[in-house]
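The structure under discussion appears below in the form of structure tokens.
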Amino acid sequence: MDRFKFVLTRPIQLIPVLLGVSVISFVLVHSIPGDPVRILLGTRATAEVIAKVRAQYGLDEPIWVQYLLFLKNLAQGEFGRSIIYKTPVLDLVGTRISPTVFLLVYGVLLSVAIALPLAVVSAARRGSWADHAIRLYSTVGLGLPTFWLGIVLLIVFSLRLGLFPVSGWGQGFLGHLHHLFLPALSIAIALSPILIRNLRASLIAEMDSDHVIAARSRGVPQARIFARHVLPHALIPTVTLLGVNIGWLIGGTVVVEQVFSVPGLGSLMVSSIFARDYLVIQAITLAFAAAVIMTNFLVDIAIVALDPRIAL
Amino acid sequence: MSLAGLSMRDAIRRSRVPPALWVGASLTLFWIVLAIGAPIIAPYDPIAQDLTRTLSGPSLAHPLGTDNFGRDVLSRIIWGTRLDLAMGVIGVAVPFAIGCSIGLAAGHAGGITDMLLMRVLDVTISFPFLVLVIAIVSLLGPGLTSFFIAVSLVGWVSYARLLRSQVLVLNHRDFIQAARALGYGPLRIMLRHLLPNAIAPAIIFSMSDIVLVILLGSSLSYLGLGAQPPAAEWGVMIAEGQTFMASAWWISFFPGLAIVGIALGFSLLGDGLGEWLGIGE
Amino acid sequence: MRKTLGRVIGALAVTMALLGGPWEQPAAAQGVLKIARHQDSTTLDPIFTIQNADIWVMNNMNGLLVRVNREGTDVEPDLAERWEISPDGTTYTFHLREGLKFSDGSPLTARDAKFSLERLRDQEGSVMASMFSVIKSIETPDDGTVVITLNQPSAPFLASLAMFSAAVLPEKALAAADNANAGETGDLEFGNNPVGAGAFMLEEWRRGEVLRLKKNPNYWEADRVKLDGVEWQFIPNDNTRVLKLQAGEVDAIVFIPFNRVTELQGNPDLQVHLDPSSREDHILINHDHEPLGDVRVRHALYHAIDRQAIVDAVTFGHGKVANSFVPAGAMFYNPDNPDYPYDLEKAKALLKEAGVEGLSLRFLLTAGDSVHDQIGVIVKDQLAKVGIDVELVKQEEGQQWESTVAGEYDISVNYWTNDIIDPDQKATFSVYGDDENRSYYTGYKNPEVAKLVEQGRVELDRAKREDIYRQIQEIAKRDAHWIDLYYSPFRNASRKNVQNFYQNPMGRFMLEDTSLQ
């Protein structure tokens, strides 16, 4: 019951954390030297024009006034306008969020697809050559730089074999699947070793646990034990790990987006920071923070769902 | 992460050294020797350009080939060990110290202090790291200093969490209760009783953290935010060689392997240590 | 259940890897030219931008009264088929072509031209407004005639009208957009839904990804346009852009790194286009920071820097040492401009004469720009030989501009590409020395040059003007107002089947003539 309460209070905690994040990023980004209007209009624009455009965007106000204005707009569901693209921030972020979410989910699913069978084989045949090979992969894979892997995959599969497009994100669901396969695979190869190591350890612990041994002695079939007892319990720490790593994963996605020129939030964030497009950075920062918090929230729910003891 | 309260000394006395630890330690030692001995071991100057032998493939004179400026890739990798190793070690040592102190204090003090620290931790975890790095890089100028500051601002979180959870368990143990009953000061309890018994998981985590920090550092260099050319840093080398990947693959390929190699050393070291001390992942 | 899901995905991945191509939807219609570029457009409203990425696209979307010719040497008729200039040079009468239409099918009249130019001059936030403040009034005696009266004669006026900012846009659409947004952010809607009178019109713009144009059937020269459309893809990574071209995913790419030129020239599927540009790279010198105000010290810098070495290293031999701030081949360029040979002894002597010892300079560079990195390292190395210590200060581009404008630098790498064919704009910005630009923030001011710039602006006799600008170039060079580094070509590449892919020296892509085979 306690656990449920904890799960339910999570969304309420969202607000102070997001406020904290928004204050920090606002102050931090505004303190970077460089003026967005100057960056936009270059050195040929006169000081008069620059001043006028700055005033249009309220950039001539003191920073705390700008922040309060931002909060006021936010309360009305308004994120303001992008200085660079001159379009509502929400529209901009809206169009760029899909490739990132698609890539993240795709990457995680691929990681799970790689990690799950490998961890099961490795745990079930402890000490075999397969186990050793999988453990080697999970140790070496841990140190693979995603950007480097991405480049290698690009050269081999796109340029030499021509199997996948070099960049972009395609059209339609199948187009996305096809275009984002190599980026997702880069993420999966980086993420799966972490999952394998964790899942293997907890599978082994679970297989040696008392209730599994008891079930085995009662003559319950192996497969049934595995599906009903071992796997669900062993998945709990893995799911938690996935949740904890979501922040790290989002960071990794930014790099992968750069390598494969995926038009996602990560590349928008990088270009917005370079252009000092304050309100866009603010929105993306909040979106990422909310994603981290919500993922952890979903992970909590998933754990409740996976563990019958808590669900009861 | 169980077995809290088990003193490190006990664990070391009990078990024999696992092979992963041996291999990991030797590999790590290899990279350290390479870093220290770079001036002696490296056959060429890592930043000296020789425009007469650009983009030449692996050969006897240049076992790993040369890059577009005619610089010897092997020498650059050897010198790069210094930067990348320093990146990993400093980038973990500072957050380690900060995080352990905070976690210890939060776990021991409890109450409002604990709650406040945990909220700070929530904000830190949710804050997109890249925004922080780019902001700091823009404020201080690109380079490793900015990287270290950014990593320190964020990296402490994991250690604080680890230490705090250990301390929360230890708080209920008899010997801590006894120490409190005896009226020992909080500093003495924290340093003499809690720290030695709570730090092992943090040490083990720090090994894989070094791997993550090296990967992060080289990624940032790759994005142009970390070490700056012409520095012989592996991420920089991969970025510089990326353009020639199709024609001169060795420029980017070998630095990538070096990253994998150094990561392997620390991963095995961490695994081995964990096994030795009886602390799982 | 999760396990099954995993299996399904695993199988999918394998299938996909095996199938490859067939997953792709059929390629877009024939005759759409796909170009990958390193920047994304920001707006398509010509008065609110000065970004190359916007200008390149708008050049092919908008009609002008007059436009720059293919060679970038003169103006030619566009929407106006002919014009007269009054003998005193203050009244310009333009006669529009018959039956002009905008891309939305609405008629284009003299009123639209009047409205567009007045908006360019008056609208708050109009970037290039100052170049058009010379316009006193605009009359439209009938739908086909535009009469522009100037405050004073202006030699560069016609060239200015050929600039992207002076596009003729529909009054109706602009006024509607302006009214809808009257208030804080001004008229920004038009920039997202533009209507123009150029060769192509906007089909779709997915920011950060792709900007699609389709052929404008109402374009007055529609018969000349061979492409069905143009697709500008935004691919920021230099390497990815080249890979996309090699893999045939795009037909052309812009801005290839110099170090890839030779390699790509060797690829039989590709053609590399090194089209002459009006770009000139230079090192700004801050005259307000002593002892750089001393002309002998500036001369010493010139003599101490081996510019040929920089050109060779940076442009791989594709650039040329610059001898004037006016680009080679541009209007009134002086090929015989004096120059400073690489001469260390002379540099040392000059420094000694000026009594300068132990000079230390802050060299401002753009962080992450490999060309700047190279120039920085070479200059540092070379100046060390005459006892000048150089501290490389790398700042991100936005920050570097701030520092430049604020004069917080000793020397700094910079470049300029001409917006108009006339040298007046660059001369005004670079050597005139007004309080606003302070000769591109160098603080250079020579009354003799300033007077000549003013004369050149109002002198209508071409030969006399040429003489004036040659003098300006000579004096500025003698004063070493900055260090001219090199002229370099535009560097683009395309697949072999692309015909007539060409960028004129102003940076305009002549896509009206481009075709796919």
Side-chain angles (χ1 to χ4, degrees), chain A residues 32-36 38-47 49 52-53 56-58 81 84-87 92 95-96 109-110 112-114 116-117 154 157-159 162-172 174-175 177-178 181 185 231 235 258-261 263 267-268 271 274-276, chain C residues 2-3 5-7 9-10 12-13 16-17 20-21 23-25 40 42-43 45 48-51 124-130 184-186 188 191-192 206-210 233-237 239-240 243-244 246-247 249 395-399 401-405 414 419 429 436 440-441:
Chain A
I32 304 176
D35 168 18
R38 176 64 75 184
I39 294 171
L40 182 69
L41 300 183
T43 44
R44 293 184 202 184
T46 59
V49 170
K52 276 185 179 155
V53 177
Q56 280 176 358
Y57 285 96
R81 265 178 193 264
I84 301 302
Y85 282 115
K86 302 174 182 61
T87 162
L92 195 60
T95 53
R96 301 290 286 270
L109 288 181
L110 268 184
V112 173
I114 295 172
L116 204 58
L154 258 182
F157 290 100
S158 298
L159 199 62
L163 289 177
F164 296 99
V166 170
S167 80
W169 97 292
Q171 286 187 327
L174 290 184
L177 274 188
H178 185 212
F181 182 73
L185 188 65
L231 198 58
L235 275 176
Q258 292 287 312
V259 175
F260 291 93
S261 296
S267 35
L268 178 65
S271 61
F274 282 133
R276 313 282 186 277
Chain C
R2 291 206 161 219
K3 202 173 156 192
L5 187 62
R7 279 213 184 119
I9 291 163
L12 259 179
M16 231 170 343
W23 283 71
E24 204 44 25
Q25 293 186 337
D40 192 20
T42 65
T43 179
D45 190 328
F48 292 128
T49 182
I50 187 166
Q51 303 268 335
E124 197 158 282
S126 170
V127 191
M128 287 292 147
S130 60
E184 318 185 325
T185 42
L188 306 172
N192 297 328
R206 293 212 297 264
R207 283 166 189 78
E209 188 181 354
V210 65
Q233 296 190 7
F234 172 50
I235 310 287
N237 186 312
N239 187 47
T240 314
L243 284 177
K244 269 185 103 70
Q246 287 171 330
E249 285 172 34
Q395 293 183 348
E396 203 201 296
E397 195 170 43
Q399 203 182 339
W401 284 351
E402 285 284 283
S403 302
T404 307
V405 172
N414 189 51
D419 291 323
F429 262 94
E436 175 78 40
Y440 214 107
Y441 316 105

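Order of the sequence lines fixes the chain letters, A, B, ..., with proteins taken first and strands second; residue numbering starts at 1 for each chain.
In terms of heavy-atom pairs under 4.5 Å with chain C, the best-connected choice from V53(A), L159(A), L154(A), T95(A) is L159(A). With chain A as the partner, the residue from A129(C), G208(C), P236(C) showing the most heavy-atom pairs under 4.5 Å is G208(C). For the set V210(C), I50(C), T404(C), the count of heavy-atom pairs under 4.5 angstrom toward chain A peaks at I50(C).
At a 4.5 Å heavy-atom cutoff, the contact between L92(A) and chain C is made by side-chain atoms alone. Within the 4.5 angstrom heavy-atom criterion, atoms from both the backbone and the side chain of T240(C) approach chain A. For V405(C), the part lying near chain A is the side chain, with the backbone staying farther off; criterion is any non-hydrogen pair under 4.5 Å. If you measure heavy-atom distances from S403(C) to chain A, you find no contacts under 4.5 Å at all. For S267(A), no part lies under 4.5 angstrom from a heavy atom of chain C. Proximity to chain A (any heavy atom under 4.5 Å) is shown, for R207(C), by both the backbone and the side chain. For chain A, no part of N414(C) is nearby; none of its heavy atoms comes within less than 4.5 Å. In this structure, chain C has heavy atoms under 4.5 Å from both the backbone and the side chain of R38(A).
Checked by atom type and distance alone, the side chain of E436(C) pairs as donor or acceptor with a backbone atom of A47(A) at under 3.5 Å.
Within the model, atoms CG of D35(A) and CD of Q399(C) stand 12.5 Å from one another, a figure rounded to the nearest 0.5 Å. For the atom pair L177(A) CG and W169(A) CH2, the distance stands at 10.0 Å (nearest 0.5 Å).
Using bins of under 30°, 30° to 60° and over 60° for the plane-to-plane angle, the ring pair F429(C)/Y440(C) lands in the tilted bin.
Listed by chain and residue number, K244(C) satisfy the side chain to side chain donor-acceptor pair (under 3.5 Å) test with E249(C) (two or more places apart in sequence, or in another chain).
Under 4.0 Å is where a charged nitrogen must lie from a carboxylate oxygen, and between D419(C) and R44(A) at least one such pair does.
Between F164(A) and L185(A), every side-chain heavy-atom pair lies at or beyond the 4.5 Å cut-off. Contact annotation: the side chain of L116(A) approaches that of L235(A) to within less than 4.5 Å [non-hydrogen atoms, C-beta and beyond].
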